[in-house]
Amino acid sequence: MKRITATKATTIIKNVRKTSNISAMYHDFGGSSTHLLDDALTSTTNFTVPYGIDPVESLKEFTNPKSDVKIHFDHGTTTLAFKFQHGVIVAVDSRATAGPSIESQTVKKVIEINPYLLGTMAGGAADCAYWERVLARQCRIYELRNKERISVAAASKLLANIVYNYKGMGLSMGTMICGWDKRGPGLYYVDSDGERMSNNIYSVGSGSVYAYGVLDSGYRYDLSVEEAIDLGRRSIYHATHRDAYSGGVVNLYHMKESGWEFISQTDVFDLHYQYKAEKEKK
Amino acid sequence: MSSRYDRAITVFSPDGHLFQVEYAQEAVKKGSTAVGVRGNNIVVLGVEKKAVAKLQEDRTVRKIALLDDHVALAFAGLTADARILINRARVECQSHKLTVEDPVTLEYITRYIAQLKQKYTQSNGRRPFGLSALIIGFDYDGTPHLYQTDPSGTYHEWKANAIGRSAKPVREFLEKSYTDEVAGNQEECIKLALKALLEVVQSGAKNVELAVMRDKEPLKMLELEEVEKYIAEIEKEKEEEAEKKKQKK
């Protein structure tokens, strides 16, 4: 579960002014040369922030437990993804919680950016969903301009650069960008702190600690497709079993060279009795 | 935002011409010649070196610029305008590497330069860039490319091209002499570029500058001695051709 950290700084105010000024800037004559060409790579999509309002301060009001107005953000999740010889497996749970209340058991935490790119959702649901849709737009523009698919490295970097502009303003997002490009299977972890890393295994969310345990003990690069799918499903199940903020169903995707394929949606309760039966058989 | 820059400079004429762009193209025609040849695994750029004054240092006149490890540019037209474009292109090559984690493709950087040129044909208070550029290099996957841009902001890919003074006769010579055989042989490509330049330039290694790029190798400016060697070879071949013709008669 991610907490929003408040940062009191004049840089926040400066950021706010910059964001709203960009919308006021139309022609670039003689001015800053960086905005001369509005290219997908050199500009970022900013939405305007009301002038004079500090988003961090106003958010603090709503997340402070002692305040009168309370907005609980949807947090708490388990998502995982790992690379292996046949591509990338992406497995997520589907529970959304607002404080102690389970708001939904049927959240789609895998965002289909395009037929060969997937993004996962952890942290603020709206933040993930919105910015990954913006990413989908940028990826499509890249594809049209350059007549070739965007690489996973570039797509994840676009997202990381976009959210970095909002660093300190209260975005809460921990996502994994998974895909297959000319360099092979790709997996990047991107979060709202501006972190962007690549590795073979990632798990994000309040239940990630439990998922890592199962994932790390069962992972090998040369798993078969069925073994990998089983490992992903099992790891999410164990996380949902122990983490109160994870549950619902396991949504599983397989990223192949030809794009992603939706494999299965399995209720964790069914998995519970299935694994129990397997244990008793032994 | 001064109101002095509100007026558009490049506007349409009644019969559909953008005269400022066409005047810019005239400026290009006055610039010194540049030639580019693309082979199967080599790209060559050749430029005419204008004679320098006695007291002037030779090496400060550089018409072939490196945009990145794998991209080079030669231009014909206003040198000062070229400097601005080259700077912007160099920055864009690095920006691209930073955001996409891949070196630019030739098409991308050519498109960037062309878009920049076009922007200046449609901006308040600005005039178009007075230069055409020949951009050569290798993409990451090893394919060689040669692109040409002009002041209007259009760009095209070429197998061999010439810009600047006497571009037309040079281009015609290239059309006659460029064959697949030539493209397949690195030495022939270099000689073709040199031969094309020598059509319009005073003969002598001192009046041309030749640069060569091979895949995954840095741009190589040919030394005076090497250029002289090629010129000698070309002269010999010409003599042999003349001999053969005489004998046939």
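Per chain, numbering begins at 1; letters A, B, ... match sequence-line order. Scope of the values below: all heavy atoms of this structure, side chains included, with no hydrogens, waters or symmetry mates.
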Closest non-hydrogen atom pair, [X] against [Y]:
| X | Y | answer |
| --- | --- | --- |
| B:Val100 | A:Ser151 | O-OG, 4.1 Å |
| A:Arg183 | B:Asp102 | NH2-OD1, 2.9 Å |
| A:Asn146 | B:Arg111 | OD1-NH2, 2.7 Å |

Does [atom1] in [X] sit with more than 12 non-hydrogen atoms of other residues, nucleotides or ligands closer than 6.0 Å?
| X | atom1 | result |
| --- | --- | --- |
| B:Tyr140 | OH | no |
| B:Arg83 | CZ | no |
| B:Lys216 | NZ | yes |
| B:Asp180 | CG | no |
| B:Lys97 | NZ | yes |

**Fill in**
Answer key: most heavy-atom pairs under 4.5 Å with chain A among B:Leu98, B:Thr105, B:Val91 is B:Leu98

**Request:** Find the distance between CZ (A:Arg145) and CD (B:Gln115) and round it off to the nearest 0.5 Å.
**Result:**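 If I round to the nearest 0.5 Å, the distance is 6.5 Å.
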
